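In what follows, a structure is listed as structure tokens, so that the remarks can point back to it.
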2 protein chains.
Amino acid sequence: MTSESRSRLITATRELLAERGYTGTSPQLIQERAGVGQGSMYHHFAGKPGLAAAALAESGDALLAAAAGSFDGPGSVFDRVAHYLRRERPVLHGCPVGRMTEDPEVMASDALRAPVELALQRLQARISELLVEGQRSGEFSARIAPARLAATIAATVQGGYVLSKASRDVQPFTDAVEGMIELLQSQLAPADPTLSERA
Amino acid sequence: MTSESRSRLITATRELLAERGYTGTSPQLIQERAGVGQGSMYHHFAGKPGLAAAALAESGDALLAAAAGSFDGPGSVFDRVAHYLRRERPVLHGCPVGRMTEDPEVMASDALRAPVELALQRLQARISELLVEGQRSGEFSARIAPARLAATIAATVQGGYVLSKASRDVQPFTDAVEGMIELLQSQLAPADPTLSERA
DNA sequence: GTCTATAAGATGATAGAC
DNA sequence: GTCTATCATCTTATAGAC
């Protein structure tokens, strides 16, 4: 198989970036975990930055695919957002995508920052879409601002990771998302009898 | 002055840790910014870890002091929390304390993680206290869970940093905190006429 | 396509002069 | 207390054999 090594390198890099960040991940570490030599890595990719950019693009896609598992699932908009917030996550490892924003080398390179930006923007856009859908159906209050609330929801998850990693305890993450779910619940529009008549 | 160099080293380290993280900050960089030689650094501190631990303790204290400027200020509990959320911040630089959670070397060392954990826990505890005060006074709904909501509020700020850094734009941070303020507003207890009678 | 050998530079730390 | 060597190690990358 011509791309066996290539695929192993990407997988190893995705893992290491998630565990150690970009600056903390050396080509040597990647090669060891992938079980390939240096030559293989430099043959398939343009150095560490090229390999990391490819790995981050895959991790960004994976983040959106995982979120879609909740967002495109069954139930009301509230149910789907709550499902997303409660989804099982490697909380103490942090978000493989979001954590890249704290790495100065990633932020200094457009090639590395682009996949991170894209994934987080798409995530917020998808949440915003859902909230619009919830407003149109009358499930959510007309007063909420979907794009704004989408940022707050995405921030709750990203910030939950930060708080939990700091204390090596999933509790802050759980508290943060459960607190957000309670706040969202209070944004549900009161039952409107005219809705069922119109339906 | 015997500790002129020491103090310059701490300041330089605080800046560099905030800008580049721990792994991305070399002793050489610190010495250059502080304008001192290597010998001075190793005389005053137990290497890079010792210096960083001292710097992080100061940054943690500074975070709490800055928050206290809002929390201990005038106005209702809601006003004070909103003031905290809207406070001017170096959004695109990230939180000098929170960002340390993404550095594997910091997380692997109890000495380095401790000041980060302490500061973020104290922050959440202080927000929780405020919310309890708000419930006692009847300002906030009795239904909210203060510790949980405190985690959600702290996470909104930390996550807002992440989203904004990813897109090099303060908008996501602003959206996240304004969205949170709107959510908090809906947790205010409806005006209770019995309150003014009791007062 | 993959390997090993090698290199130029950075990293974190120590030694010892002043 | 502060400085300038100096050091062993690691980092990213290239060269060239297979």
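Owing to the predicted nature of the structure, the values given are computational and were not obtained by experimental measurement. Lettering of chains follows the sequences in order, A, B, ..., and the numbering in each one begins at 1.
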May I ask you to say whether [X] pairs ionically with [Y], meaning some side-chain N is under 4.0 Å from a carboxylate O?
X: B:Arg126; Y: B:Asp72; answer: yes
X: B:Arg99; Y: B:Glu102; answer: no
X: A:Glu19; Y: A:Arg14; answer: no

Sorted by number, the residues of [range] with heavy-atom contact under 4.0 Å to DNA chain C:
range: residues 26-40 of chain B; value: B:Ser26, B:Pro27, B:Gln28, B:Gln38
range: residues 8-19 of chain A; value: none
range: residues 104-115 of chain A; value: none

Between [N] atom [atom2] and [X] atom [atom1], what is the distance in whole Å?
X: B:Glu4; N: D:dG1; atom1: CD; atom2: C1'; value: 13 Å
X: A:Tyr42; N: D:dT12; atom1: OH; atom2: P; value: 7 Å
X: B:Met41; N: D:dA5; atom1: CE; atom2: C1'; value: 17 Å
X: A:Phe45; N: D:dT12; atom1: CZ; atom2: P; value: 16 Å

Legend entry - Distance test, side-chain N/O of A:His43 to OP1/OP2 of C:dT2, below 4.0 Å: no
Inset, instruction - Output yes when at least one side-chain N/O atom of A:His44 is less than 4.0 Å from OP1 or OP2 of C:dT2, else no. - result: yes
Inset, instruction - Mark yes or no: B:Lys165 above the aromatic ring of B:Phe173, with NZ or CZ under 6.0 Å from the six-membered ring centre and no more than 45 degrees from the axis. - result: no
Legend entry - A:Arg87 charged N/C atom sitting above A:Phe71 aromatic ring, 6.0 Å / 45°: no
Legend entry - Rounded distance [0.5 Å steps], CG in B:Asp103 versus OH in B:Tyr22: 8.5 Å
Legend entry - For B:Leu64, the option from B:Leu123, B:Val97, B:Leu118 that meets side-chain contact (heavy atoms from CB on, under 4.5 Å): B:Leu123
Inset, instruction - Evaluate the criterion side-chain contact (heavy atoms from CB on, under 4.5 Å) for residue pair B:Leu120 and B:Gln158; output intermediate values, then yes/no. - result: CA-CA 10 Å; B:Leu120 293 178; B:Gln158 293 295 326; 4.0 Å; yes
